[in-house]
Asker: 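Starting off with a structure, shown below.
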Amino acid sequence: MELITKAPKGTVDLVPQTARRWRWVEQALINEAELNGFAEVRTPVFEHTELFQRGMGDVTDVVEKQMYTFEDKGGRSVTLRPEGTAGAVRAMLENGLYNNGYPVRLYYNIPCYRYEKPQKGRMREFRTFGVEVFGTAEPIADAQLIAMGMSALQRLGLTDVGLQLNSIGCPTCRKEYHQALQAYFSARKESLCPTCLSRLDRNPMRILDCKSPVCQEIAAGAPKITDYLCEDCQSHFAKVQEYLTAMDIPFTLDPGLVRGLDYYTRTVFEFPSQSLGFALGGGGRYDELVEEIGGPPTPALGFGLGMDRLMLALEAQKTEFPEEAGCEVFVAAMGEAAKVKAMSLVNTLHKCGLGADCDVCGRGLKAQMKYAGKLGAQYCLVLGDDELAAGKARLKYMADGTEKEIGIGESFVEDYLAVSTEKGRLSL
RNA sequence: GUGGAUGUAGCUUAGCUGGUUAAAGCGCCAGAUUGUGGCUCUGGAGACCGAGGGUUCGAAUCCCUUCACCCACCCCA
């Protein structure tokens with residue numbers, strides 16, 4: 001068989017069994033978020049291109065070369081969102097959500113798009129579960145947000161996920177730090193790898209997490225951001241750590257932790273997975289972003305979890321996902337009249353909220369029974385001319401093969417419930 | 001954008017140095033059991049061996065090209 005075309009590069013279909021698992025994980029995250037006072041926001045898949053240019057910083061890799069940007073028929077430049085924060089901020093402002101008082105807490109579970117070369121944990125279409133908090137600069141908000149993230153990951157049973165923490169300061173102290181870094185690395189220009197050399201001007205902080213051994217060695221001796229933080233940033237960072245410790249949340253300080261988007265200030269963090277070799281998600285503060293997008297100066301923070309990566313991590317550690325519920329009653333039928341009756345009984349069961357099914361593929365009785373077994377049906381009801389004439393049929397309990405006679409007329413549902421209450425029931 | 005690996009039934013794979021009708025397991029369908037699932041047995045359908053070209057009497061197998069997918073780097077979720 002040859003398909004005329006396959007799913008586009010970097011995209012995947014979540015087939016039923018997979019989709020079930022996703023839904024289970026998503027539900028756990030939603031529960032955790034709502035427990036923490038977050039409410040869902042749904043924003044468009046595409047936004048005006050400038051939102052991302054302004055928001056993420058137009059010299060970032062994502063904005064420079066990874067965006068799905070195109071002109072619509074009206075000549076507007078629009079972009080498939082490469083991340084969730086910018087849209088959430090825009091929606092928060094546009095709908096005046098801040099008028100209900102601070103903090104505003106939002107969560108979203110959305111697909112994002114980046115034009116990348118796909119590999120493990122990196123797709124062109126990927127899903128992010130994100131949370132954002134607006135309107136507080138207090139370090140307690142940072143700690144609480146991080147605590148929620150850790151708690152959600154733990155609730156899912158993830159064991160090899162850590163917490164890496166850093167503060168990259170505010171624009172003022174970061175400026176000084178950049179200068180110090182540039183001075184330090186410029187003095188060692190000859191040894192740096194070519195990529196890092198090019199980073200020297202634009203974003204010297206990125207050199208800190210270069211994978212090249214030589215650069216790592218050099219970076220190890222580089223000035224640390226924490227030594228350059230202004231007093232406010234220092235005490236803010238100290239408080240965040242203090243609060244995390246108070247909640248018994250272990251973390252490792254990583255002065256080299258630099259996030260790829262320009263909007264971050266002060267606290268930044270990631271949830272690295274040891275076995276996968278990359279972070280499941282991360283986030284931090286972005287105290288300047290709301291204003292940058294055109295809103296009032298509003299401190300804010302948030303994080304995103306890569307759903308695809310989260311699923312990889314769960315599968316890697318062989319998480320047991322809940323079993324599929326299966327069909328409760330299968331009504332097998334022989335002959336046209338019985339088939340009609342079966343369809344009608346199934347419909348009745350559905351109206352009562354019971355999971356039921358019957359053959360729709362023209363199978364013989366034996367095949368129908370086999371199919372019922374495959375569906376994991378708990379009960380099977382066989383209808384033929386005899387049963388129609390008698391107005392009764394035998395309800396078979398598939399687990400042990402025992403049968404009980406029940407009426408298939410007026411008393412059908414009542415009789416069925418009487419038997420299934422005794423034996424057990426999947427739905428309702 | 002750079003580098004590496006892999007493409008054989010729906011799925012997982014065998015097919016060594018080129019030699020008839022390309023094999024197996026799982027899955028699917030059917031029969032054994034003309035009105036009763038799971039277990040067993042038997043049978044069946046299903047593959048132009050990713051595509052194109054070349055070498056050869058002969059190519060799934062060797063060569064070239066291309067496409068797809070995977071992995072790593074870069075970057076990030």
Side-chain angles (χ1 to χ4, degrees), chain A residues 1-3 5-12 15 17 56 60-67 81-85 109-130 149 193-196 198-199 203 206 209-212 215 257-261 270-273 276-283 302-313 327 330-335 338 359 361-388 393-403:
Chain A
M1 180 184 68
E2 179 139 15
L3 245 48
T5 180
K6 296 201 269 188
K9 197 182 190 70
T11 68
V12 283
V15 297
Q17 200 200 352
M56 302 165 74
T60 54
D61 275 20
V62 175
V63 171
E64 271 187 336
K65 44 189 189 190
Q66 299 185 330
M67 295 209 302
R81 60 181 168 218
E83 55 102 51
T85 301
N109 180 207
I110 55 168
C112 296
Y113 304 84
R114 291 184 196 174
Y115 192 82
E116 299 225 45
K117 201 158 171 188
Q119 65 185 65
K120 191 174 189 180
R122 204 180 65 186
M123 296 280 127
R124 287 184 176 180
E125 178 183 59
F126 60 100
R127 287 120 185 125
T128 295
F129 187 93
C193 73
T195 16
C196 283
S198 71
R199 289 163 169 158
N203 198 346
R206 295 229 66 86
D209 58 5
C210 179
K211 301 288 191 301
S212 137
C215 294
L257 176 58
V258 178
R259 311 232 67 233
L261 309 178
E270 283 186 355
F271 303 115
S273 161
L276 258 37
F278 45 67
L280 300 185
F303 69 77
L305 288 174
M307 284 300 300
D308 306 78
R309 294 181 170 191
L310 193 50
M311 296 310 292
L312 284 176
C327 160
F330 188 88
V331 184
M334 281 170 300
D359 174 62
C361 294
R363 282 179 242 255
L365 179 68
K366 189 181 169 69
Q368 290 184 52
M369 292 303 293
K370 201 169 172 179
Y371 181 60
K374 199 183 80 173
L375 287 182
Q378 203 171 9
Y379 296 96
C380 195
L381 190 69
V382 178
L383 297 182
D385 292 339
D386 299 348
E387 285 79 7
L388 291 187
R394 285 190 309 260
L395 181 68
K396 180 172 183 173
Y397 185 58
M398 298 295 269
D400 60 13
T402 57
E403 296 184 342

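Since the structure is predicted, the reported quantities are computational estimates derived from the model, not experimental observations. We name chains A, B, ... by the order of the sequence lines, and we start the count at 1 in each one.
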Asker: Under 4.0 angstrom, heavy atoms only, what part of the nucleic acid is A:Asp386 near: base, sugar-phosphate, or nothing?
Answerer: base
Asker: Assign A:Glu83 to base, sugar-phosphate, or nothing according to its heavy-atom contacts below 4.0 angstrom with the strands shown.
Answerer: nothing
Asker: My understanding is that only residues two or more places apart in sequence, or in another chain, count here; which of them pass ring pair (Phe, Tyr, Trp, His ring centres under 6.0 Å) with A:Tyr371?
Answerer: A:Phe330
Asker: How would you label the contact of A:Lys65 with the nucleic acid (heavy atoms, under 4.0 Å): base, sugar-phosphate, or nothing?
Answerer: nothing
Asker: Between B:rA5 and B:rU66, how many Å separate the two P atoms, rounded to a whole number?
Answerer: 16 Å
Asker: Given Watson-Crick or G-U pairs with both distances under 3.5 Å, what dot-bracket string fits RNA chain B, with | for other-strand pairs and [ ] for crossing?
Answerer: ((((.((..((((.....[...)))).(((((.......))))).....(((((..]....))))))).))))....
Asker: Rounded to the nearest angstrom, tell me the gap between atom CG in A:Leu381 and atom C1' in B:rG35.
Answerer: 13 Å
Asker: Quick one: label A:Arg394 by what it contacts on the DNA or RNA (base, sugar-phosphate, nothing), any heavy atom closer than 4.0 Å.
Answerer: base
Asker: Do A:Lys366 side-chain and B:rG37 base share a donor-acceptor contact under 3.5 Å?
Answerer: no
Asker: Hey, are A:Glu125 and A:Tyr113 close enough side-chain-wise for a donor-acceptor pair under 3.5 Å?
Answerer: yes
Asker: Do the side chain of A:Glu116 and the base of B:rA77 come within less than 3.5 angstrom through a donor-acceptor pair of N or O atoms?
Answerer: yes
Asker: Using atom C1' of each nucleotide, how far apart are B:rG27 and B:rU13 to the nearest Å?
Answerer: 14 Å
Asker: Quantified in whole Å, what is the C1' atom distance between nucleotide B:rA9 and nucleotide B:rA47?
Answerer: 5 Å
Asker: Quick one: A:Gln17 CD to B:rG27 C1', roughly how many Å, whole number?
Answerer: 14 Å
Asker: Regarding A:Arg124, tell me which of base, sugar-phosphate or nothing describes its non-hydrogen contacts under 4.0 Å with the strands shown.
Answerer: nothing
Asker: Please report the distance, rounded to the nearest Å, between CD in A:Gln66 and C1' in B:rC73.
Answerer: 14 Å
Asker: Round to a whole Å and report the spacing from NZ of A:Lys370 to C1' of B:rG27.
Answerer: 11 Å
Asker: B:rC29 P sits how many Å from A:Leu365 CG, rounded?
Answerer: 15 Å
Asker: Expressed as a whole number of angstroms, how long is the span from A:Leu375:CG to B:rG38:P?
Answerer: 14 Å
Asker: Which is more 5' along RNA chain B, the nucleotide nearest A:Gly401 or the one nearest A:Gly364? Just name the residue.
Answerer: A:Gly364
Asker: Which atoms of nucleotides 69-71 of chain B (N or O only) lie under 3.5 Å from a protein N or O atom, and what are those distances?
Answerer:
residue: B:rC69; atom: OP2; partner: A:Lys9; partner atom: NZ; Å: 3.0
residue: B:rC71; atom: OP2; partner: A:Lys120; partner atom: N; Å: 3.0

Asker: So what does A:Gly130 touch, heavy atoms closer than 4.0 Å: a base, only the sugar-phosphate, or nothing?
Answerer: nothing
Asker: Quick check: any donor-acceptor pair below 3.5 Å linking the side-chain of A:Arg309 to the base of B:rC76?
Answerer: yes
Asker: Using only heavy-atom distances, decide whether a donor-acceptor pair under 3.5 angstrom links the side-chain of A:Arg114 to the base of B:rA77.
Answerer: yes
Asker: Please report the distance, rounded to the nearest Å, between CD in A:Glu270 and P in B:rA77.
Answerer: 7 Å
Asker: Remember a base hit wins even if backbone is also touched, and classify A:Glu387 as base, sugar-phosphate or nothing at under 4.0 Å, heavy atoms.
Answerer: base
Asker: Taking atom C1' of B:rC76 as reference, at what distance in whole Å does atom CG of A:Leu257 sit?
Answerer: 12 Å
Asker: For A:Ala279, which contact category applies under a 4.0 Å heavy-atom criterion: base, sugar-phosphate, or nothing?
Answerer: sugar-phosphate
Asker: With heavy atoms under 4.0 Å as the rule, sort A:Leu280 into base, sugar-phosphate or nothing.
Answerer: sugar-phosphate
Asker: Under 5.5 Å between ring centres and under 30° between planes: does that hold for A:Phe126 against the base of B:rA77?
Answerer: yes
Asker: Using the P atom in both, what is the distance from B:rU8 to B:rA51, to the nearest Å?
Answerer: 10 Å
